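For reference, the structure I am asking about is given below.
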Amino acid sequence: KGKKGTDQRIKGNVKAASSGRMVELFGNEGFIGFDAVTTGGTSSDGSLSDEAFYGISNSFQTVLKQLGKRDTTTKIKALNEFIILCDNEGLESVTSCLKLWPLMYNKLSMDNDHRIRELTHRALQCCSVKVKKHLGPHIKTIIGCWVSGMCDPNVQSSISAKTAFSMSFSPDKHRDVYKFGLKDVVMHVNNMVLKE
């Protein structure tokens, strides 16, 4: 019903769209929704589900959960803790966080706060120095945001991303890494331009 008891105006004499009618027509069996495809293991409130943390060491689970929060101070503390964990934990523990870290990295490296972007690149540096070749399967996931971070207008954030790159790969491998991830970098830039 529209204002003051009048029916809604409908162009072409057809019923207006209604999610309730869609459920009646198609039922809700088997349809998980488009959000389930794009959110990658998140719950209805946007936080990561417990299943997303399966196989990740307990110390990293806590920090990764904090990185998913909205509060800037919490993210900064969590990134500092992540850096400490990468330095102090064993290879197996740090490698276990690679299940979620690339997704977190992509989100945090595009944060509005330059301090979070800078710390995110530092955290990537500490993680990649520790896990070395285990980062390989995740390069295509993070390379777009990584290269974008190297061009960050904030000087400290840009330097942090460049340092992370140079510490992660020997100079003779830089060109190969860029070639390997070129398509992903172009897709990332394309998505940024189309969204903005």
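Computed from a prediction, not measured in an experiment: that's the story for all the values here. The figures that follow rest on heavy atoms only: side chains count, while hydrogens, waters and symmetry mates do not.
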### T95 side chain to L91 backbone, donor-acceptor under 3.5 Å
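Yes; at least one donor-acceptor contact below 3.5 Å.
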### Query
In Å and rounded to the nearest 0.5 Å, what is the CD1 to CG distance from I83 to L119?
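Separation between the atoms: 5.0 Å.
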### Donor-acceptor contact present, side-chain K130 to main-chain E89, <3.5 Å
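Yes, K130 side chain to E89 backbone: donor-acceptor pair under 3.5 Å.
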### Query
Among pairs that include at least one residue of residues 166-192, which meet ring-ring contact (aromatic ring centres under 6.0 Å, His included), considering only residues two or more places apart or in two chains?
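ring-ring contact (aromatic ring centres under 6.0 Å, His included) check on residues 166-192 returns W146-F169, F165-F169, F165-H174, F165-Y178.
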### Task
Grab the two heavy atoms, one from C97 and one from L64, that are nearest each other, plus how far apart they are.
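Nearest heavy atoms, C97 then L64: CB-CD1, 4.2 Å.
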### Task
Indicate the atoms forming the closest heavy-atom contact of S96 with I56, along with that distance.
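Result for this residue pair: O-CG1, 3.3 Å.
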### Query
Given T74 and D71, is the side chain to side chain donor-acceptor pair (under 3.5 Å) satisfied, shown in steps?
CA-CA 5 Å; T74 304; D71 180 42; 2.8 Å; yes
### Query
Given the rule that I, L, V, M, F, W and Y join up when any side-chain heavy atoms are under 4.5 Å apart, are V129 and I143 in one cluster?
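No.
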### Message
Would the distance check show the side chain of S157 and the main-chain N or O of H114 forming a donor-acceptor pair, the cut-off being under 3.5 Å?
### Response
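No, because the side chain of S157 does not come within donor-acceptor range (under 3.5 Å) of the backbone of H114.
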### Message
For Q156, is there any backbone N or O sitting under 3.5 Å from a side-chain donor or acceptor partner on S160?
### Response
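Pair absent, no side-chain N/O of S160 close to backbone of Q156.
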### Query
Quick one: does C127's side chain get under 4.5 Å of Y105's, heavy atoms only?
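No, every pair of side-chain atoms sits at 4.5 Å or beyond.
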### Query
Is there a side-chain contact between E118 and D152, using heavy atoms and a 4.5 Å cut-off?
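When only atoms from C-beta onward are counted, D152 and E118 do not touch, as no gap falls below 4.5 Å.
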### Message
I need the minimum non-hydrogen distance between V94 and V131, along with the two atoms involved.
### Response
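Looks like CG1-CG1, 3.5 Å.
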### Message
Tell me whether E81 is salt-bridged to K77, with the criterion being a basic N under 4.0 Å from an acidic carboxylate O.
### Response
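Salt bridge: no.
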### Query
Are any side-chain N or O atoms of N80 and backbone N or O atoms of I76, one a donor and one an acceptor, separated by less than 3.5 Å?
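Indeed, once roles are kept as given, a pair shorter than 3.5 Å links the two residues.
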### Heavy-atom closest contact (G68 atom, K107 atom, distance)
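Here G68 and K107 meet closest at O-NZ, 4.4 Å.
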### Query
Counting N and O atoms only, with roles assigned by atom type, does the side chain of R117 sit under 3.5 Å from a partner on the main chain of N112, one being a donor and the other an acceptor?
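Looks like yes, one N/O pair under 3.5 Å.
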### Query
Below 4.5 Å, heavy atoms only, C-beta onward: do T120 and L124 meet side chain to side chain?
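They are not in side-chain contact.
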### Task
Mark yes or no for whether N106, through its side chain, and C145, through its backbone, hold a donor-acceptor pair below 3.5 Å.
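A pair under 3.5 Å: no.
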### Task
Measure the shortest side-chain to side-chain distance between L100 and L67 over non-hydrogen atoms and say whether it is less than 4.5 angstrom.
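Side-chain contact under 4.5 Å: no.
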